Amino acid sequence: MSIRIDSQKCSGCGKCREVCPGSLLSAGSSGKTEITAPQDCWGCTSCLKECTYRAIQYYLGADIGGRGSLLYTRQDGSVLYWIVVQPDGRERIIPVDKNQANAY
């Protein structure tokens with residue numbers, strides 16, 4: 001399991017680097033984020049949730065039923081949208097209201 005970073009979308013803000021518990025993200029020569037050891041990614045998705053530019057995508061491998069789909073997030077107020085893009089381009093959007101999620 002690992003993430004993919006789109007350097008065209010990355011702003012270089014560094015929010016993802018601040019939250020990575022494995023210290024796997026660093027600023028490249030352009031100042032944009034790069035992953036230094038993708039094989040060591042824990043799959044925690046902390047960086048994914050911080051990226052407001054949709055520059056980070058999480059690879060959902062076949063071993064967890066993802067069949068090569070990619071996952072990214074979008075936030076609108078208290079709602080965090082988990083967006084799964086399947087290999088054929090179809091998207092599945094899963095909204096999670098963070099206020100309600102904390103109630104459990």
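All figures in this text were calculated on a predicted structure; none of them were measured in a lab. For the single chain, residues carry numbers from 1 onward in sequence order.
A donor-acceptor pair is defined here as one N or O able to donate and one able to accept, closer than 3.5 Å; such a pair exists between the side chain of Lys32 and the backbone of Cys10. In terms of modelled atom types and a separation under 3.5 Å, the side chain of Ser78 and the main chain of Lys98 share no donor-acceptor contact. Ser46 places no side-chain N or O within 3.5 Å of a backbone atom of Cys20 that could act as its donor or acceptor partner.
Criterion: ILVMFWY side-chain heavy atoms under 4.5 Å apart, direct or through other members. Under it, Tyr72 and Leu80 are part of a common hydrophobic cluster. There is no path of hydrophobic side-chain contacts, each under 4.5 Å, that joins Val19 to Ile35.
Between Tyr58 and Ser2 the shortest heavy-atom distance is CD1-O, 3.5 Å. Here the closest non-hydrogen pair linking Cys13 and Tyr53 is SG-CE1, 4.3 Å. Residue Leu25 comes nearest to Thr33 through the heavy atom pair CB-CG2, 3.9 Å, listed as atom of the first residue, atom of the second, then distance.
One distance of note links OG of Ser26 with CD of Glu34; it measures 6.0 Å at 0.5 Å rounding. Expressed to the nearest 0.5 Å, how far CG of Leu48 lies from CG of Leu70 amounts to 10.0 Å. Here Cys16 contributes atom SG and Leu24 contributes atom CG; the two are 11.5 Å apart, rounded to the nearest 0.5 Å. Atom CD of residue Glu50 and atom OG1 of residue Thr52 lie 9.0 Å apart, to the nearest 0.5 angstrom. Rounded to the nearest 0.5 Å, atoms SG (Cys51) and NZ (Lys9) are 9.0 Å apart.
Side-chain contact between Leu71 and Tyr59 is absent, with no heavy atoms from C-beta onward closer than 4.5 Å. In this structure the side chain of Ser69 reaches within 4.5 angstrom of the side chain of Pro87, judged on heavy atoms. Residues Val96 and Val79 fail the side-chain proximity criterion, which asks for heavy atoms closer than 4.5 Å. For the pair Lys49 and Trp82, the minimum side-chain heavy-atom distance is below 4.5 Å.
In this structure, Gln8 places its CD atom where only 12 or fewer heavy-atom neighbours from other residues, nucleotides or ligands lie under 6.0 Å away.
Judged by a 6.0 Å distance limit and a 45° cone about the ring axis, Arg74 is positioned over the six-membered ring of Tyr81.
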